[in-house]
**Student:** 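Dropping a structure here in structure tokens format, bear with me for questions.
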Amino acid sequence: MRRVPGGGSWKKPLPEDPDAFVSRTVQRYEEHSGAALARLMRFMGMATLEWEARGAVVRDAHGNEYLECGGYGVFFHGHSHPTVVRAVQRQAEELALSTRMLLNLPQAVLGERLAAVAPEGLQYSFLCNSGAESVEAALKLARAATGRRSILATGGAFHGKTYGALSASGKDMYRDPFVPLVGGFSHVPFGDAAALEAEANHLAESEGGLAAIILEPIQGEGGVIVPPDHYLQAARAVCDRFGALLILDEVQTGIGRTGSMFACTQWDVVPDILTTAKSLGGGVMPVAAMMARRACWHPFDDHPFIHTSTFGGSPLACAAAIAALDVIATEDLLGRAQRLGSVLGDGLSAIARRYPGAIAAVRGRGLLWGIELRSEGAGGMLLNLLIDAGVLVVYSLNMPRVIRIMPPAIMSEEQMAFVLDAMDRAARATEEVASEL
Ligand code: PLP
């Protein structure tokens, strides 16, 4: 059984016959959740199940351990952080879900806490269950608040897979099977301020008018694309010029992932509407928020039931999010993310310099890093080698040759050294194979 630093103390017994147990579980997937996912996991060599996880360590059903550097960005606090788990357990015993006929304390407190940590002026929160839902709320609010129709988005963007969010996203593979999408969306290349301004100008003049520009401060699923320095400020200026709203999608970058509570503060840009999700639940509960300034909130005040969700902002989810924000403060997770992030960034850049035949580029901020391989095949190989070595990473949905590394801020220095060592060996092996092709 493979061990990683910090692993070893587990509570849940392993299955007696792991191979038989895994086969039976995969068969259940195939029969009732669709065969494709099970087939893909098998193809990628993952013939096991996730079994138990704590902190930065995940254990599979065969007893092998992995360091968490993936999870699509959810585990900024690591797995099952005890403070978050305790808060959720307590809340579950008191009041798990809202009656929806009475107000409750956790939702009131979370709204107040979010306003305190958000960029200045983002006073109101609509709470929901997923990143895509928070984007839907943002798009609807933008149209209702401005009375205008057009939304300008960017190529390679990922905002989720519900209809509105998908319409804002910029990858045809996920969009084409579902056309017609929601009308009124246009796309320009990400990072090109001149193209953004030209298209905004065109939309502002056209019938319907420009309601909003939606951007990720750093494109995550697009392959960890950090925009040029003045891009976000240019987007802010374009919105101000045309009286449109700036929506920043911080579902992935928000709540500490890039080393600050929200990435947009690193460019000194305050949006009118901000969405956030993944890390907000502290790695324990799904919870998301759409935050907005007072000046554009009026449609939701005029009609409090115009946009609602039965489960959104449940006491359970809010308790997790409040505890997650507490942990960030008490454990200085933003400082940790900056320090660990610079070790990670320096380490990955050195590896990229050693293996230029495999790695085309390395980029990121804080604890969100992408390694761009020279081909998609090399990306798949690097991912497999890392998982075999005990490091869980993910690829990027809108640019699969970019492997993303998103470790928790609670990861120890020893664990980070293990990750970088595994990465070095995996990159070397990938380069050797690439040179033989
Ligand atoms: N927005 C961004 C920037 C994301 O990265 C994601 C998911 O990766 C989403 C929206 C959609 O979030 P969810 O998968 O929770 O719906």
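We count residues from 1, following the sequence as given. All values derive from a computational prediction rather than experimental measurement. One-based numbering, in listed order, for ligands and for the atoms of each.
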**Student:** Inspect the surroundings of CD in Glu112 and state if more than 12 heavy atoms from other residues, nucleotides or ligands are less than 6.0 Å away.
**Tutor:**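 No - once you tally the heavy atoms of other residues, nucleotides and ligands closer than 6.0 Å, there are 12 at most.
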**Student:** Which heavy atom of Thr83 sits nearest to which heavy atom of Ala323, and what is that distance?
**Tutor:** O-CB, 4.0 Å
**Student:** Determine whether more than 12 heavy atoms belonging to other residues, nucleotides or ligands lie under 6.0 Å from atom CD of Glu120.
**Tutor:** no
**Student:** Between Phe300 and Tyr124, does the ring centroid distance fall short of 6.0 Å?
**Tutor:** no
**Student:** Give the minimum heavy-atom separation between Pro407 and Met416, together with the two atoms involved.
**Tutor:**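 Looking at all heavy atoms of both residues, the closest pair is CG-CE, 3.9 Å.
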**Student:** Are there over 12 heavy-atom neighbours, none belonging to His298, within less than 6.0 Å of that residue's NE2?
**Tutor:**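 Yes, the 6.0 Å shell around NE2 holds more than 12 heavy atoms from other groups.
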**Student:** Between the protein and ligand 1, are there any N or O atom pairs that come within less than 3.5 Å of each other, and if so, what are their names and distances?
**Tutor:**
| unit_1 | atom_1 | unit_2 | atom_2 | d |
| --- | --- | --- | --- | --- |
| ligand 1 | 1 (N) | Phe158 | O | 3.4 |
| ligand 1 | 1 (N) | Asp249 | OD1 | 3.3 |
| ligand 1 | 1 (N) | Asp249 | OD2 | 2.7 |
| ligand 1 | 5 (O) | Gln252 | NE2 | 2.8 |
| ligand 1 | 8 (O) | Glu221 | OE2 | 3.3 |
| ligand 1 | 8 (O) | Lys278 | NZ | 2.9 |
| ligand 1 | 15 (O) | Gly131 | N | 2.8 |
| ligand 1 | 16 (O) | Ala132 | N | 2.8 |

